[in-house]
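Scope of the values below: all heavy atoms of this structure, side chains included, with no hydrogens, waters or symmetry mates. Since we're looking at a predicted model, the values are computed, not measured.
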Amino acid sequence: MKNRHAAIGIIGLLFIIFVAGCRKAPQQSAAPESELSALYSRLREGYGTGDTATAFALMRRMLDFPLPADGTKPLHIRTLNRGLTQLMYRYAYGGMPDKGFAYFLRLAGTGAQPDAGNPPLLPVPAECRRQILILAAYLGMQNGEVPEAIKCLEEGFALPEPPTPDERYADYTFAAAVYSQGAGTIGKSIEMYEKALAEVKQSDDKSGLPWILGNLAELYADKGEFEKAVKMYYETIGLFKAEDNNGGLSETYASLAELYGQWGMPEQAEAYADQSLKYARLSGQQYIIGFSMLQQYEIAEKRQQTDSALYWLQRADSFFVASNSPLEHLSAQGFITRLRLRDPAYLEEGTKRLEEICADTLIAQTLYQPVLEQLLGECYLLLGRKQEGIRILKNVLPQLEESHKDVILLGAYRTLVRYYRREKQYETALAYQDKADELQEKLFEDEKLHQVTASRIHYETTQKELENEVLQQKVELNQRTLAFTWILVGLLGMLLVGGGLYARQRHRYLRRVSDARLSQISGLLQAQQELKGRNTSLADELSRASNELSRASDELRKASCEPDEAASGQQDASERKSIAEIRREISTQVFNSDKEAEFRRSFTALYPEYIPALHELSPEMTRTDELVAMLIMLDLSSEEIGLTLGVSRVGVNKARSRMRKRLGLESKTKLEDFLKGVLKP
């Protein structure tokens with residue numbers, strides 16, 4: 001499992017370094033700086049390729065810009081340093097770490113004579129020397145020259161630090177990657193990670209934060225600091241969930257599963273393994289799915305579920321083979337090989353794979369190379385190649401002891417004990433047995449077991465406290481919700497009661513007003529009928545008088561007409577006065593069914609032919625149209641009509657508009673004139 005963590009750690013570091021190196025320098029208003037940034041953007045487009053020729057050409061053009069003397073100089077240096085980082089990537093990912101290491105050493109002024117495989121030195125300013133040394137150290141680590149890389153790194157860190165958190169954060173992640181490959185520099189790697197963690201928290205871009213936390217958690221777990229490791233893993237999970245990063249979640253849950261399994265908590269380990277597989281499938285990444293399936297394999301094997309264990313092992317292997325990422329594939333195959341040692345059917349195939357992995361330059365001289373060589377030694381012993389196996393195991397023991405990989409070292413001791421016992425070399429076997437017993441006591445001493453128990457109780461208690469806190473918050477929320485609900489119900493009830501009382505009082509008032517108005521209308525109609533009768537009698541008398549005087553002379557007829565006109569004027573004045581009184585009284589009435597019927601009877605008595613004549617003009621006339629027409633005949637305004645019918649001014653206008661359409665009136669024809677002329681011949 002250590003191989004898996006080493007691979008994931010390096011992958012995470014490469015990701016962090018890529019993010020740090022690929023951040024685009026801010027654009028400035030000055031033309032030279034804008035052109036410099038544009039060149040850097042073009043240089044960055046070739047990330048991950050081995051096209052050094054294009055990279056050198058672009059870098060040379062970037063260096064042609066003179067260093068500014070104003071406040072933009074730090075930004076200029078920063079852009080140049082990022083360009084150098086992209087140049088380093090060409091060597092690192094183009095399979096040329098040896099040439100890159102040599103070139104960057106020469107660029108820093110510490111290398112030997114120029115070699116034929118590299119171009120001439122670039123005219124890099126002295127302010128970039130720190131970055132050059134750090135990049136050279138990283139290439140040296142990739143080339144397997146760890147001591148030389150660490151020396152180069154320390155020389156670079158002795159120079160002044162860059163001014164921004166982003167730059168310092170990138171430097172510390174490079175340093176952590178280099179120190180993590182040295183057997184005696186794990187403490188320095190932790191120190192660099194912690195510094196990078198402090199810087200990334202001050203940076204605007206915090207995308208590398210979960211990877212740093214995950215790698216620190218792994219190192220703390222190796223040191224036996226269980227609580228600190230678990231805390232950082234949980235913090236990492238929170239960050240990955242916020243980013244919706246399923247791959248990162250799967251790897252972190254897998255690490256937690258292994259950690260809890262090593263510390264004797266199988267139930268928690270199984271739960272985290274299930275979570276790891278869930279998020280691995282969501283991520284869709286082949287090698288991550290393979291790693292999560294290895295967790296399922298280990299759980300099944302510990303339960304002695306042979307068929308299930310073999311199923312998960314084969315499934316994991318198929319996903320690793322389908323993975324196209326070289327470093328992940330190789331490190332994963334190393335772990336697969338170690339597992340397959342337990343099944344003779346896979347022994348020869350596993351040994352061949354392991355030989356290829358150990359010979360690969362990506363694996364050579366790294367921290368997990370001795371682990372793989374220890375596995376290869378065991379393979380040789382199982383295949384009967386005893387001398388080769390013992391030679392490899394003895395050679396790798398010092399490296400395992402220096403790297404403090406106690407679990408792997410204990411396995412190597414026990415393998416040697418079994419071998420020398422079979423060979424009847426009991427003194428040698430006893431010596432290795434003593435070392436194994438001493439290491440066993442160190443791994444499982446009482447204090448550590450107490451720490452496990454205390455840690456389990458602590459985290460179970462913490463989990464319960466969190467659950468209780470969440471439950472309490474839910475109860476408080478429900479109580480507040482219930483209180484607000486009752487308040488709203490009370491307010492709604494008060495509104496309903498108040499509205500009901502108001503509606504009742506309003507109805508009573510309108511009914512009283514309606515009764516009074518209808519009574520007034522009935523009286524006015526009766527008065528109008530009497531006036532009509534008097535007018536009719538007067539007209540008859542005037543007709544008879546006109547017939548008697550028809551034979552009179554023109555002067556007499558004219559004289560007789562003048563009294564007629566005066567009488568007619570008096571009659572019209574009287575009628576207008578009556579209509580005005582009727583209109584004022586109607587304007588204060590509100591109809592209901594009874595009052596409307598009484599009004600219709602009175603109106604029909606006054607104008608018996610009006611409603612039938614109206615229907616002859618338009619058979620579609622409605623009850624409302626009839627009422628509006630009758631009230632218009634009585635010279636009521638729209639406001640008075642609305643008050644009488646109990647509708648708004650807008651409702652009266654709509655009724656008038658509908659009536660015009662039914663009567664087919666043109667826009668220039670007034671509705672009042674038309675309605676009043678219905679009975680005229």
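The two residues C152 and A137 have their closest heavy-atom pair at SG-N, 4.1 Å. Nearest heavy-atom pair across E355 and L376 is CG-CD1, 3.6 Å. Nearest heavy-atom pair, N81 versus E167, reported as atom, atom and distance to 0.1 Å: ND2-OE2, 4.4 Å. Nearest heavy atom pair, residue P162 against residue R130, reads CD-NE, 3.4 Å. Scanning both residues, F104 and A136, for their nearest heavy atoms gives CB-CB, 3.6 Å. For the residue pair A108 and L133, the shortest heavy atom distance occurs at CB-CD2, 3.5 Å.
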Working for side-chain contact (heavy atoms from CB on, under 4.5 Å), residues L213 and Y193: CA-CA 8 Å; L213 288 170; Y193 272 130; over 6 Å; no

Intermediate values then yes/no, side-chain hydrogen bond (donor to acceptor under 3.5 Å, both in side chains), Q296 and D274: CA-CA 8 Å; Q296 300 293 333; D274 291 340; 3.1 Å; yes

side-chain contact (heavy atoms from CB on, under 4.5 Å) between Y234 and T252, intermediate numbers included: CA-CA 9 Å; Y234 282 139; T252 308; over 6 Å; no

Pair K195-E191, salt bridge (Lys or Arg N to Asp or Glu O under 4.0 Å): steps then yes or no: CA-CA 6 Å; K195 288 184 176 181; E191 178 186 348; 3.5 Å; yes

Pair F226-Y260, ring-ring contact (aromatic ring centres under 6.0 Å, His included): steps then yes or no: CA-CA 9 Å; F226 179 84; Y260 275 92; 5.4 Å; yes

Criterion side-chain contact (heavy atoms from CB on, under 4.5 Å) on Q286 and F291, from CA distance to verdict: CA-CA 9 Å; Q286 304 290 334; F291 282 137; over 6 Å; no

Working for ring-ring contact (aromatic ring centres under 6.0 Å, His included), residues Y179 and F174: CA-CA 9 Å; Y179 283 127; F174 276 119; over 10 Å; no

Audit row: W211, F240, ring-ring contact (aromatic ring centres under 6.0 Å, His included) steps and yes/no: CA-CA 9 Å; W211 299 104; F240 279 138; 5.5 Å; yes

L135 vs L139, side-chain contact (heavy atoms from CB on, under 4.5 Å): CA-CA, chis, key distance, verdict: CA-CA 6 Å; L135 298 176; L139 287 167; 5.5 Å; no

Worked check of side-chain hydrogen bond (donor to acceptor under 3.5 Å, both in side chains) between Q131 and T85: CA-CA 8 Å; Q131 183 74 8; T85 302; 3.0 Å; yes

Worked check of salt bridge (Lys or Arg N to Asp or Glu O under 4.0 Å) between E145 and K151: CA-CA 10 Å; E145 303 179 53; K151 180 180 177 182; over 6 Å; no

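Using a cutoff of 4.0 Å between basic side-chain nitrogens and carboxylate oxygens, E127 and K73 are scored as salt-bridged. By the 4.0 Å N-to-carboxylate-O rule, E438 lies too far from K435 to be salt-bridged with it. Salt-bridge check for K188 with E154: failed, with every basic side-chain N at 4.0 Å or more from each acidic carboxylate O.
Between the Y103 side chain and the P120 main chain, a donor and an acceptor come within less than 3.5 Å of each other. Between the S292 side chain and the A280 main chain, no donor and acceptor come within less than 3.5 Å of each other. Side-chain atoms of S41 come within 3.5 Å of backbone atoms of S37 as a donor-acceptor pair (strictly under, hydrogens ignored). Side-chain atoms of R60 never come within 3.5 Å of backbone atoms of L122 as a donor-acceptor pair (strictly under, hydrogens ignored).
Here the CG atom belonging to L209 is positioned 8.0 Å from the OH atom belonging to Y169, to the nearest 0.5 angstrom. Considering CZ of R129 and CG of L84, their distance stands at 13.5 Å, rounded to 0.5 Å. For the atom pair T79 OG1 and L75 CG, the distance stands at 4.5 Å (nearest 0.5 Å). Distance check: Y138 OH to T173 OG1 gives 9.0 Å after rounding to the nearest 0.5 Å. Note: N143 CG to D98 CG = 5.0 Å, rounded to the nearest 0.5 Å. The CZ atom of R106 sits 4.0 Å away from atom CG of L121, with the distance rounded to the nearest 0.5 Å.
Inspection of the T164 and D166 side chains reveals no N or O donor paired with an N or O acceptor under 3.5 Å. With no hydrogens or angles considered, a side-chain donor-acceptor pair links Y172 and E161 at under 3.5 Å. Side-chain contact annotation: Q285 with N246, donor-acceptor N/O pair under 3.5 Å absent. Side chain to side chain, Q295 and Y253 fail the donor-acceptor criterion of an N or O pair below 3.5 Å.
Proximity of V124 to L80: side-chain heavy atoms (C-beta onward) are nowhere separated by under 4.5 Å. When side chains are defined from C-beta on, F65 counts as touching L39, because their heavy atoms get closer than 4.5 Å. Side-chain contact between L216 and L197 is present, with heavy atoms from C-beta onward closer than 4.5 Å. Under the 4.5 Å side-chain criterion, counting only non-hydrogen atoms from C-beta, M293 is in contact with R281. Put simply, the side chain of I77 reaches to within 4.5 Å of the side chain of L67, judged on heavy atoms. Here the side chains of Y287 and F319 are not in contact, with every heavy-atom distance at 4.5 Å or above. The closest side-chain heavy-atom distance from I212 to T236 is not below 4.5 Å. A heavy-atom distance below 4.5 Å is found between the side chains of Y40 and Q86.
A side chain to side chain contact (heavy atoms under 4.5 Å, CB included) with Q374 is found for one member of N395, L397, L393, I392 and no other, namely L393.
The environment of R42 atom CZ is sparse: at most 12 non-hydrogen atoms of other residues, nucleotides or ligands sit within 6.0 angstrom.
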